[in-house]
Amino acid sequence: MSKSHFIWGTATSSYQIEGAVREGGRGVSIWDTFCQEPGRILDGSDGSVACDHYHRFQEDVKLIADLGCNGYRFSLSWPRILPDGTGKINPEGIAFYNRLIDTLLEHGITPFVTLYHWDLPQNCKYGWLNRETAKAFGEYAKICFDAFGDRVHNWMTLNESWCSAVLGYGLDVFAPGIQDSHLPYIAAHNLLLAHGFAVQKFRAGGYPGEIGIANNCDWREPLTCDPQDLEASERALQFFYGWYTDPLFTGEYPELMRSRLGKRLPEFSADEKKMLIGSTDFLGLNHYTSSYASGYPPQNAGSEVVGNGGLSDDQDVYLIPIPGAEKTDMNWAIVPWGLRKLLNWIAKRYKNTPIYITENGCAAPEPDEESAKNDIMRQKYLRDYIAEAMKAKNEDKVDLRGYFCWTLMDNFEWTSGYMRHFGLVRCTPEKLDRIPKGSYYTYKNIIKNNG
Ligand code: BGC
């Protein structure tokens, strides 16, 4: 692959940037509803205006083009295309994405389209606990392939299903806000089937291009060489990335999950296995942070044990912060070398399947314009993480095809509302002006020097 084919992009998602939730015939999503529940969102806000991208997308595409990006990852809002989740198509929704896609292509930017980034139509009864939602997703996917498949050749089915399942149906943190220790396994199962149904439609329809999935994972470094720590690290990775990726290769959940969970883990039927095996052309990786993993409880009772994102009793892994690592405004440790190790782990486990880093970025405290323009922490984060990604690609020969920085502009950061800033460009809900930050120029230089 020649150097120039590497994709340099930024990533966004529909609910986080579009706004215009009651415009253009859009239906209601579970996030519209969730944001209305008191206490759910840190600043009591929602995505109803967000970055007003629905009206300002041309300006945003220009910002992406000026960065020198040759790719842009964005998501389609399912309720903007199918307001009720199934049934009647909303022509205004299709028209909006047609305008966006055409504008990107006019600027020489390849669209990488995610079909689902958490804004499930409210009408999909019982959400991901219901197999019907997976079926409905397959139908919705086909509508998108038919409408945009002549120009979009790079598709991702689902964004971070781990978050949908664990945060949405396990920890009561994300929409739809359910707390349970078993339901995440059911939700995850239906999400994987949804991926399978969509890919089945894609392949049967003979649409040009490739289809994959964007799964998230932190790196878990074994605390010591003790076999218990080595296995704890492996177990944590299988419970994280493997949970949503192994089935696409083997039709089965990872062995360490199966042996621990037994009958609590749903099984795929023979037909479903057939549908899932080989159902991804590439792997997306959303990655932000790392920690140590140990099989033993920390000896020093005073040492801070970071949670492992739930389902901890099942995993039985102790996560320990990496000493001295600086933390982002999300309180996530900055550990660039974790990315290189994780890319190698993925490449090895999945036989060097092509990988895109579909998200990576840094939240920095930015109370005002001045601090945003001098976002030193983010500049360093990007330089260091990208350097490690390049080592994985060039020295370790991981088949890395692209890098998408999260995110183009400050946006609705889910339960943090507008209180956390990830953007290369400043954008506040009060003043929707787009103001490039220091990191915008840093990233522009990185692209220029590597392009
Ligand atoms: C999600 C994004 C989110 C980002 C930062 C990822 O989990 O895909 O939507 O904004 O991380 O929290």
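Excluded from the calculations below are hydrogen atoms, water molecules and symmetry mates; all remaining heavy atoms, backbone and side chain alike, are included. Counting starts at 1 for both ligands and their atoms, following the listed order.
- Look at Asp410 and Arg434 and you find no salt bridge, because none of the NZ, NE, NH1 or NH2 atoms lies under 4.0 Å from a carboxylate O.
- Between the side chain of Arg426 and the main chain of Ile435, no donor-acceptor pair closer than 3.5 Å is present.
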For ligand 1, what N or O to protein N or O distances fall under 3.5 Å?
unit_1: ligand 1; atom_1: 7 (O); unit_2: Glu160; atom_2: OE1; d: 2.5
unit_1: ligand 1; atom_1: 7 (O); unit_2: Glu160; atom_2: OE2; d: 3.1
unit_1: ligand 1; atom_1: 8 (O); unit_2: His117; atom_2: NE2; d: 3.2
unit_1: ligand 1; atom_1: 8 (O); unit_2: Asn159; atom_2: ND2; d: 3.0
unit_1: ligand 1; atom_1: 8 (O); unit_2: Glu160; atom_2: OE2; d: 3.4
unit_1: ligand 1; atom_1: 8 (O); unit_2: Glu359; atom_2: OE1; d: 3.1
unit_1: ligand 1; atom_1: 8 (O); unit_2: Glu359; atom_2: OE2; d: 2.8
unit_1: ligand 1; atom_1: 9 (O); unit_2: Gln16; atom_2: OE1; d: 2.7
unit_1: ligand 1; atom_1: 9 (O); unit_2: His117; atom_2: NE2; d: 2.8
unit_1: ligand 1; atom_1: 9 (O); unit_2: Trp414; atom_2: NE1; d: 2.8
unit_1: ligand 1; atom_1: 10 (O); unit_2: Gln16; atom_2: NE2; d: 2.9
unit_1: ligand 1; atom_1: 10 (O); unit_2: Trp406; atom_2: NE1; d: 3.2
unit_1: ligand 1; atom_1: 10 (O); unit_2: Glu413; atom_2: OE1; d: 2.6
unit_1: ligand 1; atom_1: 11 (O); unit_2: Tyr288; atom_2: OH; d: 3.4
unit_1: ligand 1; atom_1: 11 (O); unit_2: Glu359; atom_2: OE1; d: 3.4
unit_1: ligand 1; atom_1: 12 (O); unit_2: Glu413; atom_2: OE2; d: 2.6

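- Looking at Asn215, its side chain does come within 3.5 Å of a backbone N or O of Tyr244 through a donor-acceptor pair.
- Separating the CD atom in Glu23 from the NE2 atom in His55 is a distance of 3.5 Å, to the nearest 0.5 Å.
- Although no hydrogens or angles enter the test, the distance criterion places no donor-acceptor pair under 3.5 Å between the side chain of Trp128 and the main chain of Thr133.
- Asn374 contributes a side-chain N or O that, together with a main-chain N or O of Glu370, makes up a donor-acceptor pair within less than 3.5 Å.
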